[in-house]
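For reference, the structure is listed below as structure tokens.
Letters A, B, ... mirror the listed sequences (proteins, then strands); counts begin at 1. Excluded from the calculations below are hydrogen atoms, water molecules and symmetry mates; all remaining heavy atoms, backbone and side chain alike, are included.
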Protein chains: 2
Amino acid sequence: MRRSGLPESISRLIGELAKLPGIGEKNATRLAFHIFRSPKIYSENLAQAILETKTKVILCDTCFNFASESPCYICSNTDRGNSSICVVEEPLDQLAIEKSKEFSGRYHILHGVISPMDGVGPEDLRIKELITRLEQENIKEVIVATNPSVEGEATSLYLSKLIKPLGIEVSRIAYGVPMGGDIEYIDEITLGKAIRDRKFI
Amino acid sequence: MRRSGLPESISRLIGELAKLPGIGEKNATRLAFHIFRSPKIYSENLAQAILETKTKVILCDTCFNFASESPCYICSNTDRGNSSICVVEEPLDQLAIEKSKEFSGRYHILHGVISPMDGVGPEDLRIKELITRLEQENIKEVIVATNPSVEGEATSLYLSKLIKPLGIEVSRIAYGVPMGGDIEYIDEITLGKAIRDRKFI
């Protein structure tokens, strides 16, 4: 699209930026202007980082996390437990769980959730590869840490039906009132979930 | 900043993206992941557009709008009136006014507004260059089309005080209820302005 009145180059940059998720035409224009006004070194660094991400970042052949080499530093770490796999939707989820320091096993990144509305079926995710791992590695438990969304729940259910027949335990992380949360301000769905999943003490 | 657990390249891309205005660390991460997952051709096009914007886009020496060559296509258009200059904050404002088809004179882009809070003074804007134009060209009216913000008003006032002594008329575009707007839903400041600036009919 040619933005009438704007120079060709900046118009093209707006077009490319507007293809990014969550970046509309207006926002893309603001960003393009900013890039134009930034020091040359910034645009060079940005362009280089974009190109390097495509050339230097790969997916780990085992867990499918972003990695510089395969197997990744987690899959190749022999100090970590190898009897449980934590399944997450995205690499960022893996990072978040790793930060909690509560899990020291292996990970498996699905790269999405089953979402028929968005045309994403099980075959679009790294589910087949997960099953292959479960058949080859000596895994005792799969912890499903998908998001508490309709799609996350559906994916969790789908995985559970697939994995349980293999004689492997499947668990789901707990969902409820977040620590430090104020019950007064917690939405009713979370509260409902927290009450249904209450633990006797 | 090294985002622990993420490959160096993607971490650096997140860092560069997060320097863009309105893009936080979280958003930058989402964008970086998207770029990683996009076809290689997209990242190449994006990187190239970024670099070309810095090398091929210039500012018109006369009006300081973005341009591929100087003078820009508006400043070099002899069909346009040359007795009035419309002063705007940003290139996008110029585009918007041009689209209205109500103005066929010249433009002058300030590249910002006077904003002491952000450390932007008159000397940071293209005001000196505007005055030079007014002294050299045969301008009869300057239409100030800065935004209806505190800074826009202050800049407008500043320009007016500077330009009037040159014997040139200074006007400000009208601010009020937008066409098609619903009075019920217009904020009280706009409505107040619309009432104060009412036109007898």
Side-chain angles (χ1 to χ4, degrees), chain A residues 3-17 19-23 26-27 29-59 65-69 72-74 90-92 94-96 98-99 111, chain B residues 3-17 19-23 26-27 29-59 65-69 72-74 90-92 94-95 98-99 111-112:
Chain A
R3 280 135 201 98
S4 70
L6 281 182
E8 180 67 29
S9 313
I10 210 163
S11 172
R12 194 161 57 239
L13 177 56
I14 295 171
E16 298 296 345
L17 288 171
K19 289 179 192 163
L20 292 170
I23 307 282
K26 208 161 183 173
N27 215 340
T29 309
R30 219 162 44 92
L31 295 179
F33 286 10
H34 178 88
I35 289 170
F36 170 75
R37 286 170 182 154
S38 299
K40 191 148 182 274
I41 184 74
Y42 173 70
S43 58
E44 286 168 355
N45 286 345
L46 178 59
Q48 200 198 357
I50 288 168
L51 294 174
E52 282 198 356
T53 290
K54 278 307 282 186
T55 51
K56 292 198 180 165
V57 180
I58 56 168
L59 291 182
N65 202 350
F66 293 148
S68 310
E69 52 195 356
C72 72
Y73 75 103
I74 288 186
E90 302 285 348
L92 277 194
Q94 182 269 326
L95 278 185
E98 193 61 10
K99 270 190 205 145
H111 288 276
Chain B
R3 280 134 200 98
S4 70
L6 280 183
E8 180 68 29
S9 313
I10 210 161
S11 171
R12 194 163 55 238
L13 177 57
I14 294 170
E16 297 296 345
L17 289 170
K19 288 178 191 163
L20 292 169
I23 307 281
K26 209 161 183 173
N27 215 338
T29 308
R30 218 162 44 90
L31 296 178
F33 285 12
H34 178 87
I35 289 170
F36 170 75
R37 286 170 182 153
S38 299
K40 193 148 181 273
I41 185 73
Y42 173 70
S43 59
E44 286 169 355
N45 286 345
L46 178 58
Q48 200 197 359
I50 288 168
L51 293 175
E52 282 198 358
T53 289
K54 277 307 281 185
T55 52
K56 292 199 182 166
V57 180
I58 56 168
L59 291 182
N65 201 350
F66 292 148
S68 310
E69 51 196 356
C72 71
Y73 76 103
I74 288 186
E90 301 286 347
L92 277 194
Q94 181 271 326
L95 278 186
E98 193 61 10
K99 272 192 204 143
H111 287 277

**OP:** Please identify each residue that fulfils salt bridge (charged side-chain N to carboxylate O under 4.0 Å, His left out) with Glu69(A), with sequence neighbours left out.
**Re:** none
**OP:** Work out which heavy atom in Pro21(B) is nearest to a heavy atom in Leu31(A); give both atom names and the distance.
**Re:** O-CD2, 3.6 Å
Original post:
Among Glu52(A), Lys54(A), Gln94(A), which residue forms the greatest number of heavy-atom pairs with chain B at distances under 4.5 Å?
Top reply: Lys54(A)
Original post:
Checking Thr55(B) against chain A: side chain, backbone, both or neither under 4.5 Å from a heavy atom?
Top reply: side chain
Subject >> Contact class of Glu98(A) relative to chain B, heavy atoms under 4.5 angstrom >> reply: neither
Original post:
Most heavy-atom pairs under 4.5 angstrom with chain A, which of Cys72(B), Pro91(B), Ser43(B)?
Top reply: Ser43(B)
Original post:
Given the options Gln48(B), His34(B), Lys19(B), which has more heavy-atom pairs under 4.5 Å with chain A than any of the others?
Top reply: His34(B)
Original post:
Salt-bridged, Glu8(B) to Arg12(B), with N to O below 4.0 Å?
Top reply: yes
Subject >> Partner of Ile14(B) by side-chain contact (heavy atoms from CB on, under 4.5 Å), out of Thr29(B), Asn27(B), Ile23(B) >> reply: Thr29(B)
**OP:** Among the options Val57(B), Leu59(B), Ile35(B), pick out the one with the most heavy-atom pairs lying under 4.5 Å from chain A.
**Re:** Val57(B)
Original post:
In terms of heavy-atom pairs under 4.5 Å, which option from Arg37(A), Lys56(A), Lys40(A) contacts chain B the most?
Top reply: Arg37(A)
**OP:** Please list, chain by chain and in numerical order, all residues satisfying side chain to side chain donor-acceptor pair (under 3.5 Å) with Lys26(B), sequence neighbours excluded.
**Re:** none
Original post:
Nearest heavy-atom pair of Leu17(A) and Ala32(A): which atoms, and what distance?
Top reply: CD1-N, 3.8 Å
